[in-house]
Amino acid sequence: MEMASLNSSLLPLLFLLLLSFSWLTLAHPHEDFLQCLSFHFQDSTAISKLIYTPTSPSYSSVLQFSVQNNRFNTTSDPEPVVIFTPTNVSHVQAAIYCSRKQNLHIRIRSGGHDYEGLSYVSYSLPFVIVDLINLRKVAVDARHKTAWVQAGASLGEVYYRIAEKNRTLAFPAGIWPTIGVGGHISGGGYGMMMRKYGLAADNVIDAQLIDVKGRILDRASMGEDLFWAIRGGGGNTFGVVVAWKLKLVPVPPTVTVFTVPRTLEQNATKLVHRWQSVASKLHKDLTIALVLRRINSSEEGKTTILAAFTSLFLGGVDRLLPLMQESFPELGLVKEDCIEMSWIKSVLYVVGFPSNASSDVLLARTPLTNRNFKGKSDYVKEPMPETALEGIWERFLEADIDTPQMVWAPYGGKMDEISETSIPFPHRSGNLYKIQHLVFWDEEGNEASKRHISWIRRLYDYLTPYVSKNPRAAYVNYRDLDIGINNIQGNTSYRQASIWGIKYFDNNFDRLVSVKTRVDPTNFFRNEQSIPPLSS
Ligand SMILES: Cc1cc2nc3c(=O)[nH]c(=O)nc-3n(C[C@H](O)[C@H](O)[C@H](O)COP(=O)(O)OP(=O)(O)OC[C@H]3O[C@@H](n4cnc5c(N)ncnc54)[C@H](O)[C@@H]3O)c2cc1C
Ligand SMILES: *[C@@H]1O[C@H](CO)[C@@H](O)[C@H](O)[C@H]1NC(C)=O
Ligand SMILES: *[C@@H]1O[C@H](CO)[C@@H](O)[C@H](O)[C@H]1NC(C)=O
Ligand SMILES: *[C@@H]1O[C@H](CO)[C@@H](O)[C@H](O)[C@H]1NC(C)=O
Ligand SMILES: *[C@@H]1O[C@H](CO)[C@@H](O)[C@H](O)[C@H]1NC(C)=O
Ligand SMILES: *[C@@H]1O[C@H](CO)[C@@H](O)[C@H](O)[C@H]1NC(C)=O
Ligand SMILES: *[C@@H]1O[C@H](CO)[C@@H](O)[C@H](O)[C@H]1NC(C)=O
Ligand SMILES: *[C@@H]1O[C@H](CO)[C@@H](O)[C@H](O)[C@H]1NC(C)=O
C-alpha cells in the first residue's frame, strides 16, 4: 500500500494555499518551515497548536517533558528552532517534506530515553524536533495475539493495554515503563523475558515507516531489507517509524518474583562469581538479573557492596524452588523470598514500585528519576575471576562518586537460538551476560559531571581484559558517544563510523550501510551515531 509521494499528492492544495498566502515571505528558515507546514493543511489553526517555538510560553516545558537524563536538561546545549508534536501520520509526512525543503535538520523523539540525549540535542543546526508523544495509540487484538502500537506509546502503556485485554498475554520488551517504543524497538529492546522470547525487535511482524520521500511504507512495500534494518539498526537513520505490529507472547496466570540481596559480608563476591556460570544456563522460564550497588551497611557502620539477585520466573513457586535447588543452591532461595502474582504486577515489582501500587502507574509519562547519568555497556563471554570483581568493588567504594551502579543481564535460552543476522542486533550465542555500567549524580556543574564521567571511563578501561574483544561489543540502546568518532555534522566516513558500528552491529554493519545507501543516500536522517551512506 505504497502511497503517492506527498510531494505530488498535495500539490493542488499547496497551490491554492500559496495563492491565498502569497503575501507571506519570511526570511528565517524556521518561519518558512512553519509556513510550509501550514500550507499543507486546510486547518492551519489546528496545526499551529502542535507547534512550539522558543517564544511559545510552553516551549521549555514541552522540550523538557521527555528529557530523561538531567545531564541534557540545560540551556547550554543547542535547542531546536521548532518542536512539532504531530497528531496524525500526515503531519509527520509534511514535517519531513518541509524540513527537507527548508534545509532543517530533524530529530525524532518518542520517549526521550536516549542515553546521550540524541533525540532532542543536536549540533547540526538549525534543527527541528518531531516529538511523537501524541501518536501513541495501542490497539490490541487479543484473539490474533497481535497489537499495533504507535511509536509515541510508552512500554508501560503497551503492557497495561495488553493485560487489560488478556492476563495471559504479554510482550517481551524493556523494564522501564516510560521508554518509548519508537526508539526502544529501533535499537532491539530487552527485558526480563528475553531468555524466553528474545528481544522486542525479534517479535515485530510489521511496521509503518515514513521514508525520506514522505511515503508511508509497510513491510510489504518497504521490502525485507529495510524491514530488517529498522528492527535494531538504531533510530533516526532509515525514516520515522510511526507504528509497529507486535506479536504477543503467552505468559502463565501466575508468575513468581524474588529479590535476594547479599552484601560483601554475606559472601556477595562468591555468589556473583558463581552467578556468571549459572545465569545463562538456567531454565528459559527463569531470569535472575543482578543489580550491583554501593550501600551504607547498618551493622558495620561503613560502606559495602550490595548484590541484588532480582528475578522473574514464568511459573509458580512450587516449580521454581526445585529448579533453584538444582541449578543455584548457593543462593539459598527459600519460599519466603518468593511472591506469586500476575505478569502485569511483576512489571511493577521489577521497576520497584511499592507492592500496593495500582497498575495505573504504568500509564504515567513523567520521568521516574531526574538525576544526571552516564551509561556504557559490555558483553561477557568468560566468567571474570574473583579478583576482577574485587577491583570493581574498590572502584565502587571511591568516596567522591555519588551513585555507581551495574546491571548484569543474563543471556542464553532463546538468545542462543536466534541467528546473529536475523535482525541487526548481533549479540547472541556465546554471551554469558551483558553489563550495563551506570553512574548517577545530582551535584550541578561541570566539575561534578567531569568527575563522574571520568570515573566510569576508568572503570570501563579497567574491565578491558575481562569482557568481549575484537570487537569490544556494545548495545546501541545504551548509546555511548565515547566509543569511536561521532558523526556531528553528518559527514563521518564509513571507516570512522565502523569503529562504533562494528561494536554495536558486528558483521551486520555492512548490510546496514548498504540499506542506508539505498533508502537515504543524502543522509537526511542522521545523528552522531547513525549509519552513514556510502558516497557514490
Ligand atoms: C531509565 C532508562 C531505562 C532503560 N531501560 C531499558 C531496558 O530495560 N531495556 C532496554 O533494552 N533498554 C533500556 N533503556 C534504553 C532504551 O531502550 C533506549 O534509550 C531507547 O532508544 C529509548 O527509546 P525512546 O523512544 O524512549 O528514546 P528517544 O530518545 O526518543 O529515541 C532514541 C533514539 O531513537 C530515535 N527515534 C525515536 N523515535 C523514533 C521513531 N519513531 N522512528 C525512528 N527513530 C526514532 C531517536 O531520534 C533517538 O536517536 C533504558 C533507558 C533509560 C533512560
Ligand atoms: C490523518 O492522515 C491520513 C493520511 O495519512 C488522512 O487520511 C486522515 O484524514 C487524517 N486524519 C485527520 C484527523 O486529519
Ligand atoms: C488469552 O490468551 C491466551 C494465550 O495466552 C489464550 O489461550 C486465551 O484463550 C485468551 N483468553 C481470552 C479470554 O481471550
Ligand atoms: C559464606 O560462605 C562460607 C563458606 O564458603 C559459609 O561458611 C558462610 O556461612 C557463608 N556466609 C553467609 C552469610 O552466607
Ligand atoms: C551513606 O552515608 C553517607 C555519609 O554518612 C551519606 O552522605 C549518604 O547519604 C548515605 N547513603 C545512603 C544511601 O544512605
Ligand atoms: C501504599 O501503602 C502506603 C503505606 O504502606 C501508603 O502510604 C500509600 O498511600 C499506599 N498506596 C496506595 C496506592 O494504596
Ligand atoms: C528538567 O528540568 C525541569 C525544570 O527544572 C524539571 O522539572 C525536570 O524534573 C528536569 N528533568 C529531569 C529529567 O531531570
Ligand atoms: C565534518 O564537517 C565539519 C564542519 O564542516 C568539519 O569541522 C569536520 O572536520 C568534518 N569532519 C570530517 C570527518 O570530515
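Whatever order the structure lists ligands and atoms in, that order sets their numbers, starting from 1.
- Salt-bridge annotation for Arg219 and Asp206: absent, with no side-chain N of the basic residue lying under 4.0 Å from a carboxylate O of the acidic one.
- Taking any N or O of Asn356, backbone or side chain, at least one lies under 3.5 Å from an N or O belonging to ligand 6.
- Polar contact check, Gln68 against ligand 7: no nitrogen or oxygen pair lies under 3.5 Å apart.
- Ionic pairing of Arg428 and Glu417 is not present here: no N-O contact between side-chain nitrogen and carboxylate oxygen is shorter than 4.0 angstrom.
- By the definition of a contact as any protein heavy atom under 4.0 Å away, atom 14 (O) of ligand 7 is in contact.
- Contact analysis leaves Lys165 out of contact with ligand 3, as no non-hydrogen atom separation drops below 4.0 angstrom.
- Taking a distance limit of 4.0 Å, we find that atom 5 (O) of ligand 7 is approached by no protein heavy atom.
- The shortest N or O to N or O distance between Thr369 and ligand 7 is not below 3.5 Å.
- For atom 9 (O) of ligand 3, no protein non-hydrogen atom is found at a distance below 4.0 Å.
- By the 4.5 Å heavy-atom criterion applied to side chains, Ile162 and Leu246 are not counted as neighbours.
- The distance from ligand 3 to the heavy atoms of Lys145 drops below 4.0 Å at these ligand atoms: 4 (C).
- Between Tyr52 and Tyr59, the ring center distance fails the sub-6.0 Å criterion.
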